[in-house]
Amino acid sequence: MKHHPDPLSTAFAALADPTRRAMLAKLCEGEATVNEIAAPFDLSLPAISKHLKVLEGAGLVSRGRNAQYRPCRLEAGPLKEVADWVERYRRFWEGSLDRLNDYLKEIQKKETPQ
């Protein structure tokens with residue numbers, strides 16, 4: 001039985017690797033060839049291609065075709081889904097930090113000599 005993870009899980013799995021996140025950062029600057037993407041890494045081209053396939057599988061990268069040139073480009077759609085999911089928890093963190101800030105202010109008031 002083959003497991004088919006949901007798109008959000010696939011995106012998070014792809015983003016879990018720092019090399020892949022760095023590759024996406026490079027593609028934020030614009031389209032790039034595999035060689036251009038590989039340049040800053042001390043990895044073989046087959047290893048870079050494997051990372052790109054994971055990103056393509058998550059829908060985060062697509063490849064165009066222009067004669068023999070196959071530029072890679074960032075597809076930001078799945079990142080929106082990731083951002084929306086994280087946003088729900090940001091509100092929780094901010095609420096917790098506000099309560100912590102209030103508590104610290106209360107402690108400072110009690111400890112400050114009058």
Side-chain angles (χ1 to χ4, degrees):
M1 186 167 149
K2 194 168 185 171
H3 177 66
H4 297 284
D6 63 284
L8 184 60
S9 296
T10 303
F12 272 115
L15 294 170
D17 186 278
T19 300
R20 291 193 285 266
R21 291 193 304 270
M23 294 166 82
L24 290 177
K26 168 71 177 163
L27 292 172
C28 274
E29 299 168 3
E31 292 183 352
T33 65
V34 173
N35 285 334
E36 291 168 337
I37 294 169
F41 301 104
D42 189 22
L43 296 172
S44 66
L45 282 179
I48 293 294
S49 290
K50 278 187 174 180
H51 283 297
L52 280 172
K53 283 182 182 173
V54 171
L55 292 170
E56 283 181 276
L60 293 163
V61 168
S62 65
R63 292 190 203 206
R65 181 172 292 277
N66 186 359
Q68 294 179 348
Y69 177 69
R70 293 198 68 203
C72 297
R73 70 178 60 92
L74 176 68
E75 298 293 341
L79 292 175
K80 171 82 170 91
E81 190 175 346
V82 169
D84 289 347
W85 187 86
V86 170
E87 175 66 21
R88 287 182 257 159
Y89 297 96
R90 185 183 64 81
R91 285 186 230 129
F92 172 78
W93 298 324
E94 286 181 351
S96 296
L97 291 174
D98 288 346
R99 287 190 298 279
L100 177 61
N101 190 36
D102 292 345
Y103 178 70
L104 292 173
K105 284 179 182 175
E106 187 178 307
I107 289 174
Q108 283 177 330
K109 276 185 185 176
K110 289 179 182 175
E111 293 181 354
T112 302
Q114 306 274 331

Checklist entry - Which pairs count as ring-ring contact (aromatic ring centres under 6.0 Å, His included) when at least one residue sits in residues 27-77, sequence neighbours excluded? => result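 Applying ring-ring contact (aromatic ring centres under 6.0 Å, His included) to every pair that reaches into residues 27-77, excluding sequence neighbours, yields nothing.
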
Next on the checklist: Strictly by ring-ring contact (aromatic ring centres under 6.0 Å, His included), give each pair with a member in residues 73-93 just once, sequence neighbours left out.
Outcome noted: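 Only F12-W85, W85-Y89 qualify under ring-ring contact (aromatic ring centres under 6.0 Å, His included).
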
Checklist entry - Which pairs count as salt bridge (charged side-chain N to carboxylate O under 4.0 Å, His left out) when at least one residue sits in residues 43-59, sequence neighbours excluded? => result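 Non-adjacent pairs meeting salt bridge (charged side-chain N to carboxylate O under 4.0 Å, His left out): E56-R63.
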
Of all heavy-atom pairs between [X] and [Y], which one has the smallest distance, and what is that distance?
X	Y	value
L45	A38	CD2-CB, 3.7 Å
S62	E75	OG-OE2, 2.5 Å
P7	E81	CB-OE1, 4.2 Å
A58	P78	O-CG, 3.5 Å

Item to check | Hydrophobic cluster (4.5 angstrom, side-chain heavy atoms) - remaining members for L100 | outcome: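 Under the 4.5 Å side-chain rule, L100 groups with L104.
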
Name all residues meeting the side-chain contact (heavy atoms from CB on, under 4.5 Å) criterion together with [X]; count only those two or more places apart in sequence or in a different chain, and write none if there are none.
X	answer
A32	K26, L27, E36, I37
D42	none
I107	Y103, E111

Checklist entry - Is a side-chain N or O of R70 found less than 3.5 angstrom from the main chain of T33, in a donor-acceptor match? => result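 Absent.
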
Item to check | R21 side chain vs L15 backbone, donor-acceptor pair below 3.5 Å | outcome: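 At least one qualifying donor-acceptor pair exists.
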
Checklist entry - Could you state the interatomic distance from CG (L60) to CG (L52), rounded to the nearest 0.5 Å? => result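 One gets 11.0 Å once the value is rounded to the nearest 0.5 Å.
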
Checklist entry - Say you draw a straight line from CG of N101 to OG of S96; how long is it, rounded to the nearest 0.5 Å? => result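 Between N101 CG and S96 OG, I get 12.5 Å after rounding to 0.5 Å.
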
Checklist entry - Listed by chain and number, what are the salt bridge (Lys or Arg N to Asp or Glu O under 4.0 Å) partners of R73, not counting sequence neighbours? => result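 By the salt bridge (Lys or Arg N to Asp or Glu O under 4.0 Å) rule, R73 matches E31.
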
Side chain to side chain donor-acceptor pair (under 3.5 Å) partners of [X], counting only residues at least two apart:
X	value
S44	none
R90	E87, E94
D84	K80
S49	none

Checklist entry - How far apart are the C-alpha atoms of I48 and N35, what are their side-chain angles, what is the distance that settles it, and do they pass the side-chain contact (heavy atoms from CB on, under 4.5 Å) test? => result CA-CA 9 Å; I48 293 294; N35 285 334; over 6 Å; no

Checklist entry - Under a 4.5 Å cut-off applied to non-hydrogen side-chain atoms, are L55 and L74 in contact? => result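 The answer is no; the side chains never approach within 4.5 Å.
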
